[in-house]
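See below for the structure under consideration.
For this chain, numbers begin at 1 and follow the sequence in order. The figures here come from the full heavy-atom set of this structure, side chains too, leaving out hydrogens, waters and symmetry mates.
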Amino acid sequence: MRGAIAAIKADFGCLLVATLFVIIMASTIVFATIFTPPAHNAFV
């Protein structure tokens, strides 16, 4: 168990970057889904 915790601490930077990337991607999809205007809009 201690080895796993040490490995997680050692790899925390990479894990944090990956987590932030997933969160940003999900929020981008949500933002696009909510705020995208209708398809018949001439500017789309």
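- I34 and F31 fall within the same hydrophobic cluster, where Ile, Leu, Val, Met, Phe, Trp and Tyr residues are linked whenever their side-chain heavy atoms come under 4.5 Å apart, directly or through other members.
- Hydrophobic side-chain contacts under 4.5 Å tie L20 into a cluster, directly or through other members, with F12, L16.
- Distance check: T19 OG1 to I24 CD1 gives 10.5 Å after rounding to the nearest 0.5 Å.
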